[in-house]
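Keep in mind it's a predicted model, so treat the numbers as computed, not measured. Note: hydrogens, waters and symmetry copies are ignored here, and every other heavy atom, side chains too, is used. Quick note on labels: first sequence line is chain A, next is B, and so on, each numbered from 1.
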2 protein chains.
Amino acid sequence: MKFGEGTEICGEGEPVEFVYEIVSGAVRTVKVLSDGRREIGGFYFAGDIFGFEDDNEHSLSAEAVVASTVRVIRRRRLVHLAADDRKLAEELLTMAMHEAARAHRHALMLAMTAQERVNDFVLEMAERISVGDLLRLPMSRQDIADYLGLTMETVSRTITGLTVASTISLPYSRTIMLRNRSALEQAMAATPAL
Amino acid sequence: MKFGEGTEICGEGEPVEFVYEIVSGAVRTVKVLSDGRREIGGFYFAGDIFGFEDDNEHSLSAEAVVASTVRVIRRRRLVHLAADDRKLAEELLTMAMHEAARAHRHALMLAMTAQERVNDFVLEMAERISVGDLLRLPMSRQDIADYLGLTMETVSRTITGLTVASTISLPYSRTIMLRNRSALEQAMAATPAL
DNA sequence: CGACGCCTTGATAAATGTCAAACGTCGTGG
DNA sequence: CCACGACGTTTGACATTTATCAAGGCGTCG
């Protein structure tokens, strides 16, 4: 199935009927609060699976960040298949644990400073969708801000700071050239304490 | 196995050899950054399972918040059993998805204001370990702060605010009487946007 | 060419963190 | 039994970070 930019793929509160695998494009999971604030739970790219939840309703809605094609699988069917296929069952478990790990990482990141969050974001995206040192972001500054729990302005200022420090360069606002990965990594205090 | 207060149950970076089920007590998962900041990934209580991760190493260490007894299970054994037991396999999957949901909720909470985080924390703990309207917290203010991404002082001030508003009362610093749950819930703007 | 949306930059305000001190509780020892 | 000391918590004054409000620039698409 295809979804245009900004289109809702599934809505918060809807029953979990399908699981989705992204063929191409990018998807964000979104929660909108009653006062208008918006939070993004995560971004998903080609090859990623989302919408696989245990509860009966989706806890977040999902929207296409850019025009995307998505493979839709019936949840019941998947669970049914897994009952007979040990390997598939293991894959599902692995996937769920990866999702948990990603959410945990997201949570830990949100407890850090704006600078660290942006650094972490750039590194995360670099791992997931960069081509060499070239990173093309499909999402807006507002999307990034809502994912990082910051404002668009703070994100923008922080990115500007990275270009000033020559850690990255920014040929277009959504294209990042990584010039100094170690500077990004090292600015992240995260270290296993001995 | 028994662990005394503050004891490490498993360390960050260690291989994932065991999975743990809490029989009694309380456990926190912890990450310490190189500059001394500490983050708490989650709290676990009697009946909860923790340490079930996919990667080869634990991403966080786990410590007993209070003296606790924990059942230790070999991870390999569990996976092996699940291969033959469809029901167990499903339970594991459900558990992993619940863990993911909890982490997602934690992340969304960290993007909110101090007031909302504390409200959410009180409600979460109320759901998990309160007896009626009486909530006895096993963890210190510092633990709460590290879980909420705030400072101890901010947590303390916010809790004081709740007592002033008669939303709760605080006979002892670690004992909370819930006087007005709806005030807590309503102060949380989280609503499915229509 | 013009208008619109997105991004950046600037000035100021609000929230939260930092540093420091006082308070209370609890356990210990006189 | 009371006094003391240690530790966790609360409170206060002030600093810093980030948000808010507002304006300007820049690129894109009609």
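The distance from atom CZ of B/Arg37 to atom P of D/dT17 is 12 Å, rounded to the nearest whole Å. Note: CG (B/Leu150) to P (C/dT18) measures 11 Å, nearest angstrom. In this entry the distance linking CG of B/Leu162 with P of D/dT9 reads 16 Å, nearest Å. Note: CD (B/Glu116) to P (D/dA19) measures 14 Å, nearest angstrom. The CE-C1' distance, from A/Met152 to D/dA23, rounds to 13 Å in whole Å. As a whole-Å value, the separation of A/Met112 CE from C/dG17 C1' is 17 Å. What separates CZ of B/Arg174 from C1' of D/dT10 is a distance of 14 Å, to the nearest Å. If you measure from atom OH of A/Tyr172 to atom C1' of D/dG25, you get 17 Å, rounded to the nearest angstrom.
Within 4.0 Å (heavy atoms only), B/Arg157 reaches at least one base atom of the nucleic acid. Here B/Gly149 lies in heavy-atom contact (under 4.0 Å) with sugar-phosphate atoms only. Among the atoms of the strands shown, only primed sugar atoms or phosphate atoms (P, OP1, OP2) are found under 4.0 Å from some heavy atom of A/Leu170. Nucleic acid contact for B/Ile144: none, since no nucleic acid atom lies under 4.0 Å from a heavy atom of the residue.
Interface remark: the A/Glu153 side chain does form a donor-acceptor pair with the D/dC21 base, using a distance-only criterion of under 3.5 Å.
In this structure, B/His58 and B/Tyr20 have tilted ring planes: the angle between them lies in the 30° to 60° band.
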